[in-house]
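To start, the structure under review is shown below, and the notes come after it.
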Amino acid sequence: QLQLVESGGGLVQPGGSLRLSCAASGFTWDAYAIGWFRQAPGKEREGVSCIRNSGGSTNYTNSVKGRFTISRDNAKNTVYLQMNSLKPEDTAVYYCAADPADDITIVQDMCDISPDEYDYWGQGTQVTVSS
C-alpha cells in the first residue's frame, strides 16, 4: 500500500527556517516524481516545488525561489523541503505527493508542479509563520 507521511511542520517566526520531510513506503520510490504543495485557509492548493525521480531536476513556484530547496534521498525513501527566510504568507498545510516518472508532465526537463498531475498524497503538516 503506497503511503506518504509528512513531518517537520510547526510554528516559526518570520525569517526562520523549517525542514519538512516526506517519507514513503509501499512503492518503488525512485520511479516517482515527488512534489510539495500547500493550501492556506480559503485558498486553493498550490504547487510549491517538485523533484524528478532521479533527483537531478527540480522546479519551484516563483514565490519560493531562492528560499526553499527540495532534495531527495532515495536510499531513505525521503524527500525534504528546506524552507528558509519564511514569511507569514508561507503559512499553510504542506502536502507531499507522488506521480510515476513515466506519467508526470516534463517541460524543459522540469517536473510539473500542478496538483492535478499527482496521484498519491500524504495527510499534510501544518506550517505557521508568525511572531
Side-chain angles (χ1 to χ4, degrees):
Q1 180 179 354
L2 191 150
Q3 187 174 16
L4 298 167
V5 179
E6 303 94 337
S7 62
L11 173 64
V12 63
Q13 293 186 342
S17 298
L18 284 174
R19 188 177 80 157
L20 305 184
S21 298
C22 172
S25 62
F27 62 104
T28 306
W29 172 249
D30 59 3
Y32 283 73
I34 305 297
W36 281 100
F37 304 84
R38 63 187 180 187
Q39 188 165 19
K43 294 188 177 181
E44 292 186 356
R45 190 170 296 187
E46 67 167 338
V48 175
S49 182
C50 65
I51 187 166
R52 292 183 65 178
N53 60 313
S54 63
S57 179
T58 59
N59 194 10
Y60 298 90
T61 192
N62 286 337
S63 62
V64 308
K65 285 180 180 177
R67 300 189 298 123
F68 292 10
T69 302
I70 191 171
S71 61
R72 69 189 294 162
D73 185 338
N74 284 348
K76 295 182 178 180
N77 284 13
T78 302
V79 168
Y80 305 99
L81 185 69
Q82 178 67 44
M83 305 188 297
N84 299 329
S85 302
L86 283 161
K87 304 175 181 180
E89 52 263 43
D90 294 318
T91 295
V93 178
Y94 282 71
Y95 301 87
C96 66
D99 196 58
D102 59 0
D103 180 62
I104 190 76
T105 298
I106 303 297
V107 178
Q108 295 183 336
D109 198 41
M110 295 186 294
C111 43
D112 194 323
I113 55 172
S114 170
D116 293 342
E117 285 279 337
Y118 293 77
D119 294 337
Y120 307 100
W121 290 81
Q123 294 301 305
T125 185
Q126 177 70 47
V127 171
T128 302
V129 185
S130 175
S131 56

Requested in this report: In sequence, state the C-alpha distance, the side-chain angles, and the governing distance for Cys50 and Trp36, and then conclude on side-chain contact (heavy atoms from CB on, under 4.5 Å).
Outcome: CA-CA 6 Å; Cys50 65; Trp36 281 100; over 6 Å; no
**Report entry** Stepwise side-chain contact (heavy atoms from CB on, under 4.5 Å) test for Val107 and Asn59
**Finding:** CA-CA 10 Å; Val107 178; Asn59 194 10; over 6 Å; no
Query raised in the report: Going through the distances and angles, do Ser57 and Ile51 end up as a side-chain contact (heavy atoms from CB on, under 4.5 Å)?
Result: CA-CA 6 Å; Ser57 179; Ile51 187 166; over 6 Å; no
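Scanning all heavy atoms of the two residues, the minimum distance from Thr61 to Gly47 falls at CB-O, 3.5 Å. Of all heavy-atom pairs spanning Ile104 and Ala33, the tightest one is CG2-CB, 4.2 Å. What you find for Gln39 and Lys43 is that their closest heavy atoms are NE2-O, 3.1 Å. Minimum heavy-atom separation, Ala40 to Ala92: N-CB, 3.8 Å.
With hydrogens and angles ignored, the 3.5 Å screen pairs a side-chain donor or acceptor of Glu117 with a backbone N or O of Thr105. Without hydrogens or angle criteria, Arg72 side chain to Arg52 main chain gives a donor-acceptor distance under 3.5 Å. Side-chain atoms of Asn74 do not come within 3.5 Å of backbone N or O of Asp30 as any donor-acceptor pair. Of the possible donor and acceptor atoms, one in the side chain of Tyr60 sits under 3.5 Å from a partner among the backbone N and O of Ile70. Formation of a donor-acceptor pair under 3.5 Å by the Gln82 side chain with backbone atoms of Thr69 is not found in this model. Looking only at distances, no side-chain donor or acceptor of Thr125 sits under 3.5 Å from a matching main-chain atom of Tyr94.
Linking Ile, Leu, Val, Met, Phe, Trp and Tyr residues whenever their side-chain heavy atoms come within less than 4.5 Å leaves Tyr80 and Val12 in two separate clusters. Criterion: ILVMFWY side-chain heavy atoms under 4.5 Å apart, direct or through other members. Under it, Tyr118 and Val79 are not part of a common hydrophobic cluster. No single ILVMFWY cluster, assembled from side-chain heavy atoms under 4.5 Å apart, contains both Tyr95 and Trp29. Follow the hydrophobic side-chain contacts under 4.5 Å out from Ile34 and you never reach Ile113; the two are in separate clusters.
To the nearest 0.5 Å, atoms OG (Ser17) and CZ (Phe68) are separated by 9.5 Å. Expressed to the nearest 0.5 Å, how far OG1 of Thr58 lies from NZ of Lys65 amounts to 9.5 Å. Of the inter-residue distances, the one linking Ser25 atom OG with Leu4 atom CG reads 8.0 Å to the nearest 0.5 angstrom. A distance of 8.5 Å separates CD of Glu6 from CG of Leu20, quoted to the nearest 0.5 Å. Once rounded to the nearest 0.5 Å, the distance linking CG of Asp99 with OH of Tyr120 reads 8.0 Å. Interatomic distance, Ser130 OG to Leu11 CG, rounded to the nearest 0.5 Å: 6.5 Å.
Counting heavy atoms from C-beta on, the side chains of Cys111 and Ile106 come closer than 4.5 Å.
Heavy-atom contacts from other residues, nucleotides or ligands closer than 6.0 Å to CD of Glu44 number 12 or fewer. Residue Gln123 qualifies as open at atom CD: its count of foreign heavy atoms under 6.0 Å is 12 or below.
Here the options are Leu81, Asp90, Val93, the test is side-chain contact (heavy atoms from CB on, under 4.5 Å), and the partner is Arg38; only Asp90 passes.
Classification of the Phe37-Trp121 ring pair by plane angle, with boundaries at 30° and 60°, yields tilted.
No side-chain donor from either of Asp73 and Thr78 sits under 3.5 Å from a side-chain acceptor of the other. Judged purely by distance below 3.5 Å, without hydrogens or angles, the side chains of Gln13 and Ser131 never pair a donor atom with an acceptor atom.
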